[in-house]
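Just so it is clear, the structure is predicted and the values come from calculations on it, not from any experiment. Sequence positions, counted from 1, serve as the residue numbers for this chain.
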Amino acid sequence: MMAPKLEQLRSMSTSELDELYERTAPNVVIGLDFIRREIEWRAQADFSERTERMTKSMEEMTREIRDMTKKIQLLAIAAVVFSVASIAISLWL
């Protein structure tokens, strides 16, 4: 069996690659490393994609937490201002 062309190999699903590997393995001494590396590369690419999505999600959550913290700070300042104003008014009256 000749090795598949690169275009054909890239168009194959991981399960098709697994099947090709299993069919070819008993008859071939060399050359399987290429298919095995393709399978491993796809697993690594999938992991990298999931990690990137998680990182983007964490960045968005961090921005939201920062924005909420700023709002809480403004509310705390407003509470202090109103408290001081209330004390000042009660002392003035």
Q: Could you tell me the separation between the CG atom of Leu91 and the OG atom of Ser86, rounded to the nearest 0.5 Å?
A: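 Reported value, rounded in 0.5 Å steps: 9.5 Å.
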Q: With rounding to the nearest 0.5 angstrom, report the CD1 to CD1 distance, Ile77 to Ile72.
A: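 Result: 12.5 Å between the selected atoms.
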Q: Do the side chains of Glu59 and Lys56 get close enough for a salt bridge, i.e. N-O under 4.0 angstrom?
A: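 Salt bridge absent between Glu59 and Lys56.
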Q: Roughly how far, to the nearest 0.5 Å, is the CG atom of Leu75 from the NZ atom of Lys70?
A: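 Answer rounded to 0.5 Å: 14.5 Å.
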Q: State whether the side chain of Ser83 and the backbone N or O of Ala79 hold a donor-acceptor pair below 3.5 Å, judged by distance alone.
A: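 A pair under 3.5 Å: yes.
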Q: Hey, any chance Leu6 and Leu20 share a hydrophobic cluster, counting ILVMFWY side chains that come within less than 4.5 Å of each other, even indirectly?
A: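 Same hydrophobic cluster.
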Q: Quick one: CE on Met12 to CD1 on Ile35, what's the gap to the nearest 0.5 Å?
A: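 It is 7.5 Å, given to the nearest 0.5 Å.
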Q: Which heavy atom of Arg10 sits nearest a heavy atom of Arg42, and at what distance?
A: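 Distance-wise, the nearest heavy atoms are O-NH2, 3.4 Å.
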Q: Check whether more than 12 heavy atoms from other residues, nucleotides or ligands sit under 6.0 Å from atom CZ of Arg63, and answer yes or no.
A: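 Counting neighbours around CZ of Arg63, more than 12 heavy atoms of other residues, nucleotides or ligands fall under 6.0 Å, so yes.
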Q: Other residues, nucleotides and ligands only: do more than 12 of their heavy atoms fall within 6.0 Å of CZ on Arg37?
A: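 Open.
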Q: Find out if a path of hydrophobic residues (ILVMFWY) with successive side-chain heavy-atom gaps under 4.5 Å connects Ile89 to Val81.
A: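 Different clusters.
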Q: Atom CD of Glu60 and atom CD1 of Ile65: how far apart are they, to the nearest 0.5 Å?
A: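 So the CD of Glu60 and the CD1 of Ile65 are separated by 10.5 Å.
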Q: Are Arg53 and Arg50 side-chain neighbours, meaning at least one heavy-atom pair lies under 4.5 Å?
A: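 SC-SC contact between Arg53 and Arg50 confirmed.
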Q: Inspect the surroundings of CD in Glu52 and state if more than 12 heavy atoms from other residues, nucleotides or ligands are less than 6.0 Å away.
A: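 No, because the 6.0 Å sphere around CD of Glu52 holds 12 heavy atoms or fewer from other groups.
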Q: Rounded to the nearest 0.5 Å, how far apart are CD1 of Ile87 and CZ of Phe82?
A: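 Those atoms lie 14.0 Å apart.
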Q: Closest heavy-atom contact between Leu17 and Glu38?
A: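 Answer, listing the atom of Leu17 first, then Glu38: CD1-CG, 3.6 Å.
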